[in-house]
Amino acid sequence: MIFSQKTTIILLLALQLIFIFIIFQSFAVHYAYLHIVFSTVAIVLAIYILNSSENPAYKLAWIVPLVIVPIFTVVLYILFKNQFSTRKVRNLYAKKSANTRPFLKTNKQIMSYLHESEPDFYKLANYVDKSGGYPVCGNTEVTYFPLGEDKYKAMLEELQKAQEFIFMEYFIIDDGEMWREIVKILLEKAKAGVEVRLLYDGMGSQFTLPFRYKKKLTDQGVKCLVFNPFRPMLSTIQNNRDHRKILVVDGNVAFNGGVNIADEYINRKERFGHWKDTAVMLKGDGVWNFTMMFLQMWEVISGDKTEYNMYRPTVKNVVNNGYVIPYGDSPLDDENVGELVYMDMINNAKDYIYISTPYLIPDNEMLTVLGYAAKSGVDVRIITPEIPDKWYVSVITRSFYRDLETLGVKVYEYKGGFNHAKMFLSDDKSAVVGTINLDYRSLYLHFECATYMYKTSCIKDIKADFDDMFENRCHRITHDDINNRSFWSRFMSVILRTIAPLL
């Protein structure tokens with residue numbers, strides 16, 4: 001443990017904090033002068049932040065500490081907001097997105113039909129296409145998996161069928177039973193000549209995979225990259241993680257949802273009670289959006305160039321079962337695609353909007369649209385976990401229960417377990433399943449992805465799963481539950497809500 005990678009990283013981060021503290025201590029004799037200088041700079045920064053395009057809650061999270069501890073916060077803000085590495089990745093990603101845009105062409109026939117027959121959905125499809133870069137697709141079959149173990153079974157079956165290529169992109173890969181069964185297939189396929197590419201997040205998998213695991217896989221024929229490898233440096237680039245979960249097989253099958261590659265996601269290992277997670281499997285034209293999403297990220301990291309047309313779908317005999325928009329959201333542009341898709345669903349709901357999220361830290365805009373929907377007569381329900389995986393996130397989440405109750409929103413907790421599913425469902429006709437939580441990290445800081453479904457047959461399965469959770473697996477939060485929160489929970493929520501966007 002003493003000589004482990006984890007211990008080394010913690011020590012290096014601690015040394016940096018100690019170094020900053022020593023510098024401040026050395027200036028103690030000049031504290032009065034420094035306080036005047038830094039307080040002046042803090043006022044200038046506060047004015048700059050107020051006039052920036054950042055989310056108002058994010059602005060407040062910086063301005064409060066600038067007022068309370070100006071010297072320390074000024075240094076941190078300047079350190080975090082002026083880094084070459086962040087600007088470099090931002091420019092690379094923007095350039096790659098522009099270069100690949102011609103390969104994600106809008107189907108004019110579909111858009112023309114939607115414009116005439118489905119005007120509300122047309123507006124959303126047009127927005128995600130033009131501002132997010134991902135077109136609406138027909139000719140796509142979608143299968144819904146109500147549990148991680150259901151997705152895992154189908155995933156193994158499709159991996160075994162691979163003939164041309166396998167693309168995998170995951171936030172967490174844990175070296176347990178689940179991954180060992182998968183990697184066995186990957187190595188067999190790579191040996192048989194199938195192109196296998198694996199991309200995982202450097203932070204999410206920092207302590208779950210062996211040291212230098214990338215090299216081990218590469219030596220065995222798997223093309224492997226690590227997104228933003230974690231380095232023990234105080235840096236904002238560490239905030240932008242690849243939280244996406246994508247599997248593409250031969251360009252004809254894609255998986256998306258909240259399920260990472262770790263044993264707790266399929267309930268082979270118990271953490272925080274029963275683990276509830278969901279996913280979808282796409283077959284047909286919609287897979288192309290995920291294929292391009294993966295290749296964009298791969299090229300940004302590797303610098304390689306790809307002949308994209310080699311990876312197009314070849315299956316054409318798929319029943320045109322509604323429409324799908326597989327889409328991604330990047331923290332490196334000015335478009336909050338993930339949040340705006342959610343808001344569009346809420347604003348267009350006529351009868352109900354059901355939401356499942358493990359982390360509920362809504363900003364003011366999200367609270368406003370949720371409240372408007374509930375007050376206008378829409379049945380608004382949200383499911384969160386009863387057993388949290390992060391205590392501080394749970395404290396903040398539960399602090400919003402009173403606000404939501406006042407607005408008329410019904411809140412439920414998943415009994416005896418951790419609800420990790422990220423889903424929206426509205427009016428039996430539209431749904432989203434993906435990786436996007438209702439918190440600042442997902443909506444503003446992480447690379448995310450999801451599948452928007454409109455009038456696909458699997459929506460009835462999503463509705464049945466929600467109904468089952470409400471009736472059998474959830475406890476509705478009452479006024480008494482809210483009033484009975486402990487003093488410690490109330491006290492911590494007052495502090496943590498202020499800085500929630502920075503956590």
Side-chain angles (χ1 to χ4, degrees), residues 141-155 245 255-260 264-282 321-322 324 342 345-346 349-360 370 373-374 378-389 394 397-398 401 404-405 409-438 450-478 481:
E141 177 186 351
V142 187
T143 303
Y144 173 70
F145 303 111
L147 289 172
E149 36 273 56
D150 299 324
K151 180 236 182 174
Y152 179 51
K153 180 181 178 181
M155 183 180 177
K245 291 94 179 169
F255 290 83
N256 178 223
V259 183
N260 279 300
E264 59 267 29
Y265 288 83
I266 58 173
N267 287 294
R268 288 197 183 179
K269 177 174 70 175
E270 183 172 324
R271 292 184 68 203
F272 321 114
H274 181 265
W275 195 290
K276 167 68 175 179
D277 221 327
T278 59
V280 289
M281 177 176 67
L282 282 63
N321 180 12
V324 299
Y342 283 164
M345 289 188 69
I346 297 168
K350 303 293 189 298
D351 298 319
Y352 72 85
I353 182 82
Y354 295 163
I355 300 168
S356 171
T357 180
Y359 312 125
L360 178 62
L370 286 169
V378 176
D379 182 9
V380 184
R381 305 185 192 186
I382 302 177
I383 300 176
T384 64
E386 181 181 71
I387 303 176
D389 66 335
S394 177
T397 291
R398 287 170 173 160
Y401 288 178
L404 292 166
E405 181 195 41
V409 176
K410 302 167 187 173
V411 180
Y412 296 75
E413 287 188 347
Y414 188 78
K415 293 187 296 187
F418 180 58
N419 171 44
H420 192 254
K422 307 95 162 51
M423 301 192 298
F424 270 54
L425 174 69
S426 175
D427 295 346
D428 291 352
K429 66 179 181 180
S430 60
V432 171
V433 174
T435 69
I436 308 171
N437 300 309
L438 273 182
T451 303
Y452 187 102
M453 293 155 277
Y454 187 76
K455 293 187 175 179
T456 59
S457 61
C458 75
I459 286 177
K460 68 179 184 302
D461 301 321
I462 299 174
K463 176 63 159 48
D465 191 26
F466 265 111
D467 288 341
D468 177 62
M469 285 193 285
F470 290 134
E471 293 173 14
N472 304 312
R473 304 179 188 279
C474 289
H475 161 70
R476 182 174 173 185
I477 299 301
T478 65
D481 293 328

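Values below: every heavy atom of this structure, side chains too, minus hydrogens, waters and symmetry copies.
In summary, of the residues considered (R473, H274, K276, E386), a side chain to side chain donor-acceptor pair (under 3.5 Å) with Y414 occurs for H274 alone. When each of T451, D465, T456, D461 is checked for a side chain to side chain donor-acceptor pair (under 3.5 Å) with Y144, only D465 meets the rule. Paired with Y352 under the rule side chain to side chain donor-acceptor pair (under 3.5 Å), one option of D379, D427, D428 passes, and it is D428.
How far CE of M453 is from CG of L425: 9.0 Å, rounded to the nearest 0.5 Å. Expressed to the nearest 0.5 Å, how far OG1 of T278 lies from CG of N256 amounts to 9.5 Å. With rounding to the nearest 0.5 angstrom, the OG1 atom of T357 is 10.5 Å from the CD1 atom of I436. Note: D277 CG to N419 CG = 8.0 Å, rounded to the nearest 0.5 Å. The CD1 atom of I387 sits 7.5 Å away from the CD atom of E270 when rounded to the nearest 0.5 Å.
F418 and H420 have tilted rings, their planes meeting at an angle from 30° to 60° on a 0 to 90° scale. Using the six-membered ring where Trp is involved, W275 and Y265 have ring planes that are tilted, between 30° and 60° apart. Ring geometry for F470 versus Y354: interplanar angle over 60°, hence perpendicular rather than tilted (30 to 60°).
Not one N or O on the side chain of K151 forms a donor-acceptor pair closer than 3.5 Å with the backbone of G148.
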Yes or no on side-chain contact (heavy atoms from CB on, under 4.5 Å) for K245 and V259, after CA distance, side-chain angles and deciding distance?
CA-CA 7 Å; K245 291 94 179 169; V259 183; over 6 Å; no
